[in-house]
Each structure stands twice: as structure tokens, then as C-alpha cells.
2 protein chains.
Amino acid sequence: MTIKAVVFDAYGTLYDIQSVAEITEDAFPGYGEIITQIWRIKQLEYSWLRSLMRRYQAFSVVTREALAYTLRSLGLQHDEATFARIIDKYLHLDLYPDALSMLEALKDRKLAILSNGSPDMLNALVRNSGLERVLDATISVDKKKVFKPDPAAYALIEEVLHVPPAEVLFISSNPWDACAAKAFGLNVAWIERVTPEAMALACVESDTVAPLTMFKALRTQMDELGVVPDHRIHALSELPALVSAQRS
Amino acid sequence: MTIKAVVFDAYGTLYDIQSVAEITEDAFPGYGEIITQIWRIKQLEYSWLRSLMRRYQAFSVVTREALAYTLRSLGLQHDEATFARIIDKYLHLDLYPDALSMLEALKDRKLAILSNGSPDMLNALVRNSGLERVLDATISVDKKKVFKPDPAAYALIEEVLHVPPAEVLFISSNPWDACAAKAFGLNVAWIERVTPEAMALACVESDTVAPLTMFKALRTQMDELGVVPDHRIHALSELPALVSAQRS
């Protein structure tokens, strides 16, 4: 089977969401890291809950609501300007360092993003990070008014790129996203960014890095959802070789 | 509006899921609390993810998968007997101390549980805790093969009890559950078990109680889902007066 399209999750996969921590730490000294962890967890929770409740709102709304929850639950007072400055960072996330060269190495395939992000968020992010010229499409689930892992979200790949699931390689660092994409019928590579060994080490050190440890324990290891991705890689830079090897 | 039926969430609302910590601490000294926190978060995550993925499995399966994830992510080796002993505690959870007297005070209304739990789990739990004789029904979402907060789950109340949503008071300590029940059209009382003041205090103390703090910051405060429950109470014992006050 030849891979005709390579499709990427955005947040946590091509873009480093931890790069928000600099802003949150600056705004709330001592709370920078726990804010980013809780914010991310609630952002995903709200996307799933709203999908199930049939009360979809754009990811930009969910992201703001999750940040509002986070600051309130931590008892952190803030003004509108601070809130806006943190939110704005979501439009200027750092690319993982190997993202651009990897995409350039794969330019003979169709390349796209499939993300929960709303079109305004994704278009700004792609433009600000210079990925506009290497991507064939930036696909937002917003068209379906439901978030991943609803199958309707993954169906957008074929609808937009006209490549059937069996000829698509989907990449995500989010275990649940990788599992759901596989369950849908896509070929899937999961980026394991925190190895079990690193996780075990974080536990030993948990007196000092507790919120990050809790987050890692919650969200970085392969999930138990009755399905496993096809490939496990550790960096985006491994992808060109992986895609070539799929050529039959 | 007269309240004709009072319907309760089970886990965390009538039953104290933290009562598992004694067993997990005994099995894995030093990890008792973080296991219960991660386990609970993953249990709910998996119920939402499987609902969205259209890959429903009974809550007993999801609960085991979430525990397997938790122990693996923390690098904790275990044998089958230990795993089984922890799981078994879910059938023998402690009732909150004021649960039974509250239910007895409300016996002139229809009383029921509506829970994500599978029928085998719920029936054992209700029997083991002596609630059989005070409840009119123990309703599992299993009949719909989808978990809360899908509206189909809340629709079961009317289907089983024959009381319309406007005459039902639904009680949950889980903020997302309270919001979704309200969005569905039920009257809802949310039990705020951790006040903002207690949450703020936990943050100050977070060097020593970090996993619990993280959990509290994630799951105990009212959510931002665009809808709010009708009532906010702090203990089950407040319910008889609240129900009487609804009489028009």
C-alpha cells in the first residue's frame, strides 16, 4: 500500500503546546506549568463533553472556557488583557524543531493538518509558523460541528483530500487520537514523546515536578481503548523513512 | 412544580470513590492516592472517548482498562490477585454518611440511581450498601450503549420512571454531569464537595498534596459548559428541605 497523503494532528503533534508555559509563568509566577497542564486537560474534556451533549462550540470558545475554568479553580485573579495575552499565544505556538524539515522531505505526498482547532485559530497558526507553503490543506473539524474522536471528524480527510483512509498515514502524539484514527481505518503513527522509562523517572522525582508528572501519567502513555496504532515513533524526523518503507 | 422523582448519580455522589484509596495504598504504598485520582480521571475519559468513537463497552470493562492504564503509566508491577482486589472494592464503596437518612426522608418520592455503571456493578453496589429497600430503580446507561453526558442516557429516567424531566430533581457531585443534566431539561442540584476556598487552600499546600490538588483543580469546581445547575448544595443532607421547597 502506497501512502498518498500524510495528515497531522496540530496541537501537541506539530505544535508544542507547552510553549504556552512561558507566558503563563510570566503572568502568574509559580503557576505557569500547572495552568498549562490543567488548561490542556480541560480543553480536551470540554471538547468531548460538548460533542456528547450535542452543544458544539468552536474550539476557540472551548479553549477560552477551559482557561477561565483553570484560572478560577486555582483562585487566580486576572484582568482581560492578561487573559487575552495568554489566549493569543495559542495562535503563535512553537513548531517542534524537526517539523518543517520533515514536511519538506515529504513534499511528494499530499500533506495536511486535521485538527479540533477552529478555522480562525488554525489559519493563524499555520500562517504564523510558515507552514502555509508546505501544506495542501488545513482541515478543521468545525465543518462537522463535532470534535475528534467522533468518526465524522476523521471522515473529513477523504472528503477534502480525496484519498481513501487506507492510503492515508495519520500522525498524532495524542494517544486517544491515534487510537480513534486507527479505529476509523486510517494508517496511524503515534509519536511517543514520553517513554515509559522517562515516565517512571518522573514519578521518582514527583516531589518537585508534581503537576507535570500527573499530566504525563494522564496523557502521554498509550491508552487502553481496545485498539492500537500501527506505528510508534519518537520524533517527527522519523516520518520520511517510515513513509518510504510503506511503499509496496 | 412538584418534584415527583429524585434521581442520583452514583459514583462520587452517593458513593465515596475515594474509599478505594485504602486498598490501593495497601497494595502500592506511597501511590494509593495518585492511583485513585488517575484511575478516576481515565475511567471518565475512556467512557467519553468510547462513546464518541462508537465503541461502547460496559463500564466494568472501562473501569478495568482505566486501572490497567494507571498502573502501567506509573510503572507499577502487579499480579492478577492484586488487580482483582482493587477492582472488587468498586462493588463495596462506602456510602456518604448522610446518604441513607436522606433517602429515607425522601421516601414519599420516587427514588432512583442513574449511573454510567454497568448493571452488574450497580446491582452489587446497591445490594452491598443496603440501598435496595429504599430505591425504586437502579438505572444503568448500559441499555443505551452510550455514557453520560449523551442525552440518551438522561432520557432513561423518563423511560423507566415515567416521570417527565420537569418533575425530576437530579443530583450529582460531578460538575459536567450536573451541567449536562440541566442542558437535557432536568432540575438539577450540584453537590459542591470542594468549595473555592478549600481549593485555594489546597493550592497553597500543594507541595505535599499535589496529586489530590491537581485532581481537585480538574474535577471539583463548576465547569464552563455554557449551562449551570439550578441548585448548589454542600451535602446530601440538604436535599429533603430543598425538595420540599420546590412544592408549588
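Naming: A, B, ... by sequence-line order, numbering from 1 per chain.
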Exercise. So which of B:Arg55, B:Arg50, B:Lys42 actually passes salt bridge (charged side-chain N to carboxylate O under 4.0 Å, His left out) with B:Glu65?
Worked result: B:Arg50
Exercise. Using the benzene-type ring in the case of Trp, are the ring centres of A:Trp176 and B:Trp48 under 6.0 Å apart?
Worked result: no
Problem set entry | Aromatic ring pairing B:Phe184/B:Tyr154, orientation class (parallel under 30°, perpendicular over 60°, tilted between) | tilted
Problem set entry | B:Lys182 and its salt bridge (charged side-chain N to carboxylate O under 4.0 Å, His left out) partner, picked from B:Asp230, B:Asp223, B:Asp177 | B:Asp230
For this session: Could you look at B:Pro196 and say if it's the side chain, the backbone, both or neither that has a heavy atom under 4.5 Å from chain A?
Result: neither
Exercise. Considering only heavy atoms, which portion of B:Thr70 lies under 4.5 Å from any heavy atom of chain A: side chain, backbone, both, or neither?
Worked result: neither
Seminar exercise, completed: Heaviest contributor of heavy-atom pairs below 4.5 Å to chain B, chosen from A:Ala153, A:Ala180, A:Ala66, is A:Ala180
For this session: Using non-hydrogen atoms and a 4.5 Å limit, figure out which bit of B:Arg72 sits close to chain A: side chain, backbone, both or neither.
Result: side chain
For this session: Mind ranking B:Leu218, B:Ile38, B:Val62 by heavy-atom pairs under 4.5 Å with chain A and telling me who comes out on top?
Result: B:Leu218
For this session: Working to the nearest 0.5 Å, report the span between OH of A:Tyr15 and CG of A:Leu93.
Result: 8.5 Å
